[in-house]
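Order of listing sets the numbers, starting from 1, for every ligand and every atom in it. All values below come from the heavy atoms of this structure, side chains included, with hydrogens, waters and symmetry mates left out.
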Amino acid sequence: MLSVALLAGFTAVAATTPVYLDDTKPIEERVEDVLKRMTLEEKVAVCHAQSKFSSQGVKRLGIPEVWMTDGPHGIRPEVKWDKWNQAGWTNDSCVAFPALTCLAATWDRNLSMLYGTSIGEEARYRKKTVLLGPGVNIYRTPLNGRNFEYMGEDPYLAAQMVVPYVKGVQSNGVATCVKHYALNNQEMNRHTTNVIVDDRTLYEIYLPAFKAAVLEGKTWTIMASYNLYKNQHVCTNQYLLNDILKGEWKFDGAVVSDWGGVHETDQAITNGMDMEFGSWTDGLANGVSNAYDNYYLANPYLDALKSGKASEEVLNDKVRRVLRLIFRTEMNRNRPWGSFCSDEHYRAARAIGADGIVLLQNKNNVLPIDIATTKKILVVGENAIKMMTVGGGSSSLKVQREISPLDGIREFVGSKAEVQYVRGYVGDTSGEYNGVVTGQNLKDDRSADELIAEAVEAARNADYVIFVGGLNKSEHQDCEDSDRTGLELPYAQDRVIEALAAVNKRMVVVNLSGNAVAMPWVKKVPAILQAWFIGSEAGHSIADVIFGVVNPSGKLPMTFPVKLSDSPAHANGDANQYPGVERNDGSRRLDEKYTEGIYVGYRWFDTKNIAPLFAFGHGLSYTTFKYGKVTADKTSMTADGEITLSVDVTNTGSRKGAEVVQLYITDKKCSVDRPAKELKGFEKVSLNPGETATVKFTIKSDALSFFDADAHKWVAEPGVFTARIAAAADDVRTSVDFELK
Ligand code: BGC
């Protein structure tokens with residue numbers, strides 16, 4: 001009898017499924033249902049971390065926790081609950097995908113979708129709610145240690161490339177956390193630098209990629225950055241978070257703090273911060289472990305609520321955002337299961353890597369190397385053997401495998417020719433990050449002279465010399481938390497390259513970096529490849545390009561200047577402009593003025609007529625492309641109309657290849673200063689030898705407009721515009737004028 005009664009009771013309960021557990025109900029209804037069941041303590045608990053990478057759900061109601069992971073190139077290995085040390089799992093070695101600079105260099109929206117889908121699957125399999133990435137801070141200076149994690153200098157390119165990445169990840173029911181919003185354009189003094197930038201520059205250069213990620217990609221979270229703007233830390237910033245992100249763009253997701261980016265409670269409550277992470281603090285002093293209850297949005301927040309200083313309505317807005325995130329991810333019963341270290345993921349990484357490699361120079365068609373006629377290849381340089389997936393900061397990974405450039409070359413060549421390796425230079429031989437060790441012993445005590453002498457000797461009788469160098473992931477190189485100290489290659493690599501070029505005319509320099517580097521030897525070396533940091537499949541992708549399995553089609557997403565003072569943020573050599581000047585008020589804060597304004601990247605080089613070393617959008621192929629004459633479907637358009645531009649592009653060489661056809665717009669006469677031209681379209685077309693494609697661009701007036709800061713709106717002024725079709729920012733092939741009526 002008892003069991004019958006119990007059963008009856010159970011049926012009665014089950015019959016009334018709470019609204020929040022009912023999948024057929026809209027998310028907003030379910031969110032409200034949870035919200036009204038939560039205590040004040042439970043609400044506050046979801047607004048801050050409970051461990052290094054997780055935050056609470058609502059245990060009592062069965063609402064899952066949120067688990068986050070870096071991002072943006074692979075899934076970070078598990079760390080301990082409250083420490084950065086490795087948790088020691090043996091099943092968390094991932095695939096490292098190419099760095100985002102490499103992805104941007106593909107100029108291929110489909111590959112960005114493939115990237116997002118693949119890394120999203122890895123995150124899903126590893127049971128992550130949020131992937132901390134992608135990053136879309138604009139490349140303002142080649143010294144920024146974190147440029148490798150971003151998508152270059154142009155807001156249009158970054159916006160176009162970030163959207164598919166976000167959609168791909170989120171199709172797995174895993175949220176992206178687009179970072180670091182905003183104006184986090186350097187690592188030096190990243191916690192204390194107050195950026196001073198005019199509104200027009202903010203809206204035209206630094207915000208568009210974030211805006212696209214929110215409005216088009218529909219990212220479910222966004223990460224607020226470390227720096228300050230208008231003298232408020234961005235994690236607690238009225239202007240960027242409340243006014244722009246949540247106000248103008250109507251972002252309905254959650255704002256996550258960068259780790260340790262929140263510094264006080266009051267502004268965290270009122271200025272748009274939803275989820276506080278990484279504060280290593282008890283609210284009074286640094287260094288308290290398991291301090292989560294003392295986070296600014298934990299007990300201090302609860303106290304403020306209980307004493308009536310903080311309103312529950314503001315708290316409810318934060319909680320709604322967190323719950324929305326959980327419903328979109330953890331509580332979506334229909335999301336896929338993901339996959340990890342699959343062959344598909346390695347294939348994706350390899351393809352993106354190869355398509356992102358940029359052939360900067362190829363005199364005498366030194367590349368591709370024809371292995372059938374080659375007896376000996378000499379590979380020189382530390383980066384040919386050094387693991388690059390460990391280091392660089394929070395994007396550091398523990399990989400299942402990493403094919404080095406030397407491994408990739410050796411694997412391709414097999415027994416068809418001899419591959420000799422010599423060191424050439426010794427850079428940074430360390431190989432550890434947060435307890436992940438490469439296990440490589442790169443120690444070599446020989447002097448630079450000895451190493452160069454050995455390399456030169458070996459180069460004399462080689463058919464080809466492949467020098468693999470560049471930067472690495474150590475401090476003051478391509479690495480979080482510090483900037484580079486100059487544009488030059490470190491470890492006296494220039495000397496090695498010059499010495500090798502003097503004895504061998506068939507020399508290829510493969511530069512691994514996320515940043516532009518100076519190349520004083522550019523005229524002495526016939527072939528140069530920009531090969532970024534490619535991750536697990538680096539060696540395969542590089543060998544694919546060197547030996548012509550893949551015809552290179554990458555284009556630079558940033559300008560390579562000849563010298564640092566050519567680039568806009570360094571033009572005046574003024575510390576106010578970079579890296580900022582410390583105030584005399586004891587605050588330890590620095591002010592940094594973006595005085596170059598909208599003239600970032602090629603906008604500067606073009607407008608000031610400064611010849612770059614290699615231009616934005618530059619990249620060669622093993623075939624050649626001929627551009628026809630661009631035509632417009634009409635001579636004028638109206639503000640609400642559109643115009644279509646068409647151009648024929650023909651593969652005039654003998655290999656199949658892909659070309660990125662770029663559209664730049666020039667405003668011929670305007671009431672405000674405008675750059676010589678701005679990227680407003682691109683299409684990547686793959687063509688067989690002799691094949692022609694008609695590439696079409698349809699643009700609307702938004703492609704013609706500038707941000708009018710006084711009126712606080714985008715304005716397209718009537719007048720004549722020039723549409724320029726180009727193979728690079730410095731290689732315009734054909735132009736046509738049209739009028740905006
Ligand atoms: C970085 C973020 C990263 C976070 C968590 C911070 O130091 O700036 O990009 O997602 O750490 O590791």
(message) If the condition is side-chain contact (heavy atoms from CB on, under 4.5 Å), which residues does D243 pass it with, not counting sequence neighbours?
(response) Q238, Y239

(message) Using the side-chain hydrogen bond (donor to acceptor under 3.5 Å, both in side chains) criterion, which residues pair with N144? Sequence neighbours excluded.
(response) N147

(message) Please identify which of these residues, C479, P77, S396, meets the side chain to side chain contact (heavy atoms under 4.5 Å, CB included) condition with Y433.
(response) S396

(message) Tell me which one of Q267, M273, E276 satisfies side chain to side chain contact (heavy atoms under 4.5 Å, CB included) with C235.
(response) M273

(message) Taking L487's backbone N and O only, do any of them form a donor-acceptor pair with R484's side chain (distance below 3.5 Å, no angle check)?
(response) yes

(message) Could you work out, with side-chain hydrogen bond (donor to acceptor under 3.5 Å, both in side chains) as the rule, every residue matching E78, not counting sequence neighbours?
(response) R126, K128

(message) For ligand 1, give me the residues whose heavy-atom distance to it is below 4.0 Å, by chain and number please.
(response) F53, D70, R76, L132, R146, K179, H180, R190, M223, Y226, D258, W259, S394, E480

